[in-house]
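For the numbers below, each heavy atom of this structure counts, side chains included, while hydrogens, waters and symmetry mates do not. In this text the structure is predicted, and so the values were computed from the model without any measurement.
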Amino acid sequence: MVAPEVLALIPARGGSKGIPRKNIRLFAGHPLIAYSIAAARQAETVTRVIVSTDDVEIAGVARAYGAETPFLRPPELAQDDTTDLPVFEHALRWLAEHEGYHPDIVVQLRPTSPVRPRGLVDAAVRLLLAHPAADSVRGVVPAGQNPFKMWRLDPHSGALQPLLSLPGVPEPYNAPRQSLPLVFWQTGHIDAIRTATILEKHSMSGAVILPLQVDPRYTVDIDTPTDWQRAEWLVYFGGLDMVQPTPRRPLPERVALVVFDFDGVMTDNRVWVDGEGHEFVAAYRSDSIGIHRLVEAGIQALVLSAETNPVVEARCRKIGLPVLQGVRDKATALRQVLAERGLEAAQVIYMGNDINDLPCFPLVGCAVAPADAQPEVLRAADLILSRAGGHGAVRELCDLLVHRQQTRA
């Protein structure tokens, strides 16, 4: 048998209003769209991955993460009120006209639902293939609220009217939850649709829609900045076996040592120089409290800096941190520190912001970056903090580690 042609199509317009440029904004270290691309590329059943966008920058990011962008979507199909159907019709017709390409199944992966369990895409495609009479498969989770207990307002009297009725149950809104039908909420995780359903029935679902139940723990639909923060927390600390653009390591169960870079971590990466060549930097005052709490919790700390500068020594002395300066080969220096102190690499955290820190990342149990680190560092880091270097990133990491240790005590 010939394997079906399965196209993963990821819609990503450039004009997001709620969270500007959200599709390429860094989410847990990668552009948001990268998670949907990874879900498609890691699926066994998907044969092609395309991003439909009107935005040149989004197209470039999509290609960098392994998706195709053979066309730019027309602006009239990238408006606030544009629905999915014309976007998918345009893509399928363009591919047919310009490439003679006709997929059997189209998988929709919305970037705003980046937290997907592994194997979800393959499960949806295989479910659709196993049921020839079905038009589509849609990801769903049990609904948090039952619509039989919901109300609307009568426009004339202003009185409550039940939203739904239920045959055989005169007052479902007063009935126990167990006696009401099980209901589901559609998530944005995945839709698998037969191409004929889109092009011939002019529908994104058709009449026969099969459910693919998704573990509710993975329920994420990002529309607001608050949604974004909660979803990132879930990625970092939710313990989910989710699709990742690159594998990420969790924080070590036991942390023995935290190694900090200086410029761009302890400082905001700027420097002031007076007429005599004296340098001045800006640091975050309450980092010292964070470091003090870290050491009190029994976690060692150290600064590893490529610079040889009195300001580095002065700041580290002020906050009580040992420092190694003028280190050009940070990886070698880090190995020596671990050997001299007899520490296991798996119990060490390294925090850096620039490309000269990258060789240290694979040598430790977890690599951490401030929010404004260089792009290469953000892609390689296991944990990306919400604060920038010199603006509370060090304090944020210290507080996180101390809090974890206290809650596990």
Side-chain angles (χ1 to χ4, degrees), residues 2-13 23-24 27 30-55 58-73 77 84-96 98-130 134-139 186-199 203-206 209-210 212 214 218 220-221 242-246:
V2 178
E5 188 67 26
V6 178
L7 167 66
L9 189 60
I10 301 166
R13 69 187 184 96
N23 286 310
I24 53 175
F27 173 81
H30 294 273
L32 182 65
I33 194 173
Y35 291 83
S36 294
I37 295 172
R41 284 173 53 83
Q42 293 174 23
E44 296 177 357
T45 54
V46 171
T47 52
R48 194 171 182 185
V49 184
I50 289 178
V51 168
S52 170
T53 183
D54 61 314
D55 189 279
I58 291 177
V61 172
R63 289 192 297 271
Y65 277 86
E68 298 179 56
T69 56
F71 55 81
L72 282 180
R73 193 195 311 177
L77 295 181
D84 291 330
L85 181 60
V87 172
F88 278 66
E89 289 177 330
H90 165 264
L92 290 171
R93 287 171 180 158
W94 191 97
L95 292 167
H98 291 82
E99 300 182 3
Y101 178 71
H102 304 276
D104 301 293
I105 292 173
V106 181
V107 173
Q108 176 171 209
L109 296 169
R110 295 176 179 85
T112 49
S113 294
V115 183
R116 294 183 179 91
R118 298 183 191 278
L120 180 71
V121 175
D122 287 327
V125 172
R126 287 166 179 155
L127 179 61
L128 186 58
L129 290 173
D135 292 305
S136 65
V137 169
R138 178 158 292 187
Q186 62 183 29
T187 71
H189 287 95
I190 189 165
D191 295 294
I193 314 143
R194 297 193 192 278
T195 303
T197 299
I198 298 173
L199 294 180
S203 172
M204 289 297 293
S205 59
I209 310 166
L210 297 181
L212 179 63
V214 181
Y218 292 83
V220 167
D221 188 14
M242 62 171 283
V243 174
Q244 291 272 12
T246 55

Inset, instruction - Please report the C-alpha distance between Leu109 and Val121 in whole Å, then the side-chain angles of each, then the deciding distance to 0.1 Å, and finally whether the side chain to side chain contact (heavy atoms under 4.5 Å, CB included) criterion is met. - result: CA-CA 9 Å; Leu109 296 169; Val121 175; 4.0 Å; yes
Inset, instruction - Provide the closest heavy-atom pair for Ala40 versus Val49 in the form atom of the first, atom of the second, distance. - result: CB-CG2, 3.6 Å
Inset, instruction - Working to the nearest 0.5 Å, report the span between CD1 of Ile209 and CE of Met204. - result: 11.0 Å
Legend entry - pair Leu85-Ile198: side-chain heavy atoms closer than 4.5 Å: yes
Inset, instruction - Could you tell me whether a side-chain N or O of Ser136 sits under 3.5 Å from a main-chain N or O of Ala192, the two making a donor and an acceptor? - result: no
Legend entry - Under 3.5 Å: donor-acceptor pair, side chain of Asn23, backbone of Arg13: yes
Inset, instruction - Measure from the side-chain N and O atoms of Thr187 to the backbone N and O of His189, and report whether any donor-acceptor pair falls under 3.5 Å. - result: yes
Legend entry - Side-chain touch Leu127/Leu129, heavy atoms, less than 4.5 angstrom: no
Inset, instruction - Taking the side chain as every heavy atom from C-beta outward, state whether Ile50 and Leu7 have any pair of such atoms under 4.5 Å apart. - result: yes
Legend entry - Side chain Thr53, main chain Ala12, donor-acceptor under 3.5 Å: yes
Inset, instruction - Begin from the C-alpha positions of Thr45 and Ile105 and carry the test side chain to side chain contact (heavy atoms under 4.5 Å, CB included) through to its verdict. - result: CA-CA 10 Å; Thr45 54; Ile105 292 173; over 6 Å; no
Legend entry - Aromatic contact, His30 with Tyr65 (centres under 6.0 Å): yes
Legend entry - Polar side chain donor-acceptor pair, Arg73 to Ser52, under 3.5 angstrom: yes
Legend entry - Spacing of CG belonging to Leu199 relative to CZ belonging to Phe88, to within rounding of 0.5 Å: 11.5 Å
Inset, instruction - Under the side chain to side chain contact (heavy atoms under 4.5 Å, CB included) rule, collect the residues that match up with Ala123, sequence neighbours excluded. - result: Leu212
Inset, instruction - Please check if the side chain of Thr195 supplies one atom and the backbone of Asp104 the other of a donor-acceptor pair under 3.5 Å. - result: yes
Legend entry - Pairwise side-chain contact, Leu92 with Pro103, heavy-atom cut-off 4.5 Å (strictly under): yes
Legend entry - All ring pair (Phe, Tyr, Trp, His ring centres under 6.0 Å) counterparts of Tyr35, not counting sequence neighbours: Phe27
Legend entry - By side-chain hydrogen bond (donor to acceptor under 3.5 Å, both in side chains) - contacts of Thr112 (at least two apart): none
Legend entry - Summary of salt bridge (Lys or Arg N to Asp or Glu O under 4.0 Å) pairs that have at least one residue in residues 188-197, sequence neighbours excluded: Arg110-Asp191, Arg138-Asp191
Inset, instruction - Drop me the distance from Ile37's CD1 to Ile10's CD1, to the nearest 0.5 angstrom. - result: 5.0 Å
Legend entry - Exercise: identify the closest heavy-atom pair between Leu9 and Pro11: O-CD, 3.5 Å
Inset, instruction - Would you please name every residue forming a side-chain hydrogen bond (donor to acceptor under 3.5 Å, both in side chains) with Arg116, sequence neighbours left out? - result: Ser36
Legend entry - Counterpart residues, salt bridge (charged side-chain N to carboxylate O under 4.0 Å, His left out), relative to Asp122 (two or more places apart): none
Inset, instruction - Considering non-hydrogen atoms only, spot the tightest contact between Trp94 and Glu99 and give its length. - result: CZ3-OE2, 3.7 Å
Legend entry - Heavy-atom side-chain proximity of Gln42 to Arg118 below 4.5 angstrom: yes
Inset, instruction - Identify the two heavy atoms, one from Leu128 and one from Ala134, that lie closest to each other, and give their separation to 0.1 Å. - result: CD1-O, 3.8 Å
Inset, instruction - Measure the shortest side-chain to side-chain distance between Ile190 and Leu120 over non-hydrogen atoms and say whether it is less than 4.5 angstrom. - result: yes
Inset, instruction - Using a 4.5 Å cut-off on heavy atoms from C-beta on, say whether the side chain of Ile33 contacts that of Val51. - result: yes
Legend entry - Note: Arg48-Glu68 ion pair, threshold 4.0 Å (strictly below): yes
Legend entry - Donor-acceptor under 3.5 Å (Arg41 side chain, Gly66 main chain): yes
Inset, instruction - Please step through side chain to side chain contact (heavy atoms under 4.5 Å, CB included) for the pair Phe71 and His98, ending with a clear verdict. - result: CA-CA 10 Å; Phe71 55 81; His98 291 82; over 6 Å; no
Inset, instruction - Report the C-alpha distance between Leu72 and Asp54 in whole Å, list the side-chain angles of each, state the deciding distance to 0.1 Å, and finish with yes or no for side chain to side chain contact (heavy atoms under 4.5 Å, CB included). - result: CA-CA 5 Å; Leu72 282 180; Asp54 61 314; 5.9 Å; no
Inset, instruction - Compare every heavy atom of Thr47 with every heavy atom of Pro4, then report the nearest pair and how far apart it is. - result: O-CG2, 4.0 Å
Legend entry - Side-chain heavy atoms of Gln108 within contact of Asp84, under 4.5 Å: yes
Inset, instruction - For Ala8 and Val46, work out which heavy atoms get closest and say how close. - result: CB-CG1, 3.8 Å
